[in-house]
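Data block below; observations after.
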Amino acid sequence: MAHITNHMPTAELQALDAAHHMHPFTTNDELAEKGARIITRAKGVYLTDSEGNEILDGMAGLWCVNIGYGRQEMADVAARQMLELNYYNTFFMTSHVPAIALAKEIASLAPGDLNHVFFAGSGSEANDTNIRMVRTYWAMKGKPEKSHIISRKNAYHGSSMGSGSLGGMSYMHEQGGMPIPGIHHINQPDWWVEGGDLTPEAFGLARAQELEAKILELGADNVAAFIGEPIQGAGGVIVPPSTYWPEIQRICDKYNVLIIADEVICGFGRTGSWFGSETMGIKPHIMTIAKGLSSGYQPIGGSIVCEEIAQTIGSGEFNHGYTYSGHPVCSAVALENLRIMQDENILDHVNNVAAPALKEGLAKLAEHPLVGTVNVAGLMASLPLSPRKETRSKFAGDAGTVGYMCRERCFANNLVMRHVGDRMIISPPLVITPEEIKVFMTRATKALDETYTAVKEGGLLKAAEGHAQDAESPLG
Ligand SMILES: *Cc1c(COP(=O)(O)O)cnc(C)c1O
């Protein structure tokens, strides 16, 4: 077997990567031409690439490495668990300690009577579980026609057939026959882009009321559930107006529609609470979890389910499950992650140290001529770029061009900031320190300055007619 190591020249690794490895959400031809950036190791909030650059990871990987990279305790727990019981399933009347302990711990952290966990390998799988679970629930209640699910445009719920259908990314729906039947999408509560002349509060209310209109159109007896991220992540860190979620809650209560809160990003401290539902005042019946559950040390996801649904589903056989549901190593590692979160008071750190420091730094960035505004909740944030912030204008050229330029300038300055269209997005490890946030701000400012110069020189600093940016553009 050929031995491929970190010590090989970057170009050789890039060539092998291009020859054999198909990347997600990537034009692989373009990648082959440019060569992938190859990450070789990571510690704390810093990545090291094959050229020896030390890159501050402002995205915690893909919103997941909440306790930071390279923790010894996590590796120890994984090694111990692999030797003790590397695998056993949870089908057919069997169980094991890591799955039992993790389910109990999650139940104790989750609000209200969200006391039961159905494990999956990822957020996508968990949302597929949710589709089948809510439909099965209503069927067992004698209402098999109560099966339609309402989601939002520009939502992200995963990439499998079910979860991709729940998601509202039209460029995903264009490929492979999505959405599956029975999924509907209302407009998102993105005031910056779509708010027009309304106040954020009036706009939030209007967007929530689209749910009521859709329920009435479909018939309340046909609607099983509404799904939403408390704060949209991959759509561009869209913090809804304060009026939005209370109105959604009122409508779902009124029409007996279940609420699925997709907590894959917001869960486990990202917004300063254990769950984004607590931050936004939502009372869900099911929460989707993944990412921060294990801080990305192992792949694991799940659905946290309320008493009523768990009892109902439990009275029959739920013909559903994954080989790796409750995988012992993943469960043990997730449990250790939750222990670290609690023993190190990471929520207190977010609320009292890191989030205030990030907010202060971002307030300064908001004055930058290229930055339209700042949206922030805990340790997730977005900076919509704009050629004219007073009118929330979008750029006259192709959506995402300036955002892409800015992301490239960030990389050139050893900073990971992603772009969604012309919005820069931020989601650092929760353990980031004020000193590291200063480094973040210095590099981000330099990247923005360089982008601004390039945009001006390239004649791209022109505003399009009307408000704001494109509602939706491919993941960046
Ligand atoms: C990432 C994400 C998912 C999908 O999780 P995977 O583990 O990638 O399958 C689902 N929902 C939200 C909100 C996400 O951000």
Side-chain angles (χ1 to χ4, degrees), residues 23-26 59-66 117-131 133 149 151-169 172 178-179 183 185 188-190 225-240 245 259-271 275-277 279-280 282 284 286-304 322 324-327 330-331 333-334 337 377-382 418 420 423 425-428 430 472 474-476:
H23 290 251
F25 287 103
T26 298
M59 281 304 297
L62 280 179
W63 326 78
C64 53
V65 189
N66 289 354
V117 186
F118 193 103
F119 287 114
S122 67
S124 300
E125 286 180 7
N127 276 326
D128 278 21
T129 297
N130 293 339
I131 295 173
M133 177 134 25
I149 300 173
S151 178
R152 285 102 50 95
K153 292 176 186 163
N154 200 34
Y156 189 76
H157 296 299
S159 207
S160 58
M161 282 301 286
S163 63
S165 297
L166 290 176
M169 306 290 187
M172 286 176 71
M178 292 197 286
I183 314 274
H185 300 87
Q188 59 177 336
D190 185 351
F226 172 76
I227 183 168
E229 305 153 77
I231 295 167
Q232 283 158 266
V237 184
I238 294 155
V239 184
W245 275 112
I259 298 180
I260 305 167
D262 187 335
E263 295 271 2
V264 171
I265 288 174
C266 295
F268 303 104
R270 176 61 52 196
T271 69
F275 297 95
S277 292
T279 304
M280 305 307 286
I282 312 162
I286 296 177
M287 299 200 299
T288 319
I289 52 173
K291 295 191 174 124
L293 169 58
S294 66
S295 282
Y297 278 77
Q298 288 286 288
I300 182 167
S303 307
I304 318 181
Y322 307 105
Y324 298 140
S325 286
H327 188 286
C330 302
S331 297
V333 163
N337 175 60
L379 283 186
M380 61 195 292
S382 62
R418 233 172 89 182
V420 176
R423 245 179 233 251
I425 57 180
I426 301 160
S427 161
L430 303 185
E472 187 196 310
L475 297 181

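As the structure lists them, so they are numbered: ligands from 1, and atoms in each ligand from 1.
By the 3.5 Å distance cut-off applied to N or O atoms, G158 is not counted among the residues near ligand 1. Every N/O-N/O distance between E125 and ligand 1 stays at or above 3.5 Å. The shortest N or O to N or O distance between E229 and ligand 1 is not below 3.5 Å.
For atom 8 (O) of ligand 1, the nearest non-hydrogen atom of the protein is S124 OG, 4.3 Å. With respect to atom 6 (P) of ligand 1, the closest heavy atom belonging to the protein is G123 N, 3.5 Å. Distance from atom 11 (N) of ligand 1 to its nearest protein heavy atom, with residue and atom name: D262 OD2, 2.7 Å.
The backbone and the side chain of Y156 each have at least one atom closer than 4.0 Å to an atom of ligand 1 (non-hydrogen atoms only). Only the side chain of K291 comes within 4.0 Å of ligand 1, counting heavy atoms alone; its backbone N, CA, C and O stay farther away.
In this structure, N337 contributes its side chain and G292 its backbone to a donor-acceptor pair below 3.5 Å. Under a 3.5 Å cut-off, the side chain of S325 and the backbone N or O of F119 do form a donor-acceptor pair. Judged by distance alone, the side chain of S124 and the main-chain N or O of S159 form a donor-acceptor pair under 3.5 Å. Counting only distance, with no hydrogens or angles, the side chain of H185 and the backbone of S165 share a donor-acceptor pair below 3.5 Å.
Taking each heavy atom of A234 and Y156 in turn, the nearest pair found is CB-CB, 3.7 Å. Minimum heavy-atom separation, R270 to N66: NH2-OD1, 2.8 Å. Nearest heavy atoms, Q232 versus K153: NE2-O, 4.0 Å.
The ligand atoms of ligand 1 that sit less than 4.0 angstrom from a heavy atom of I265 are 15 (O).
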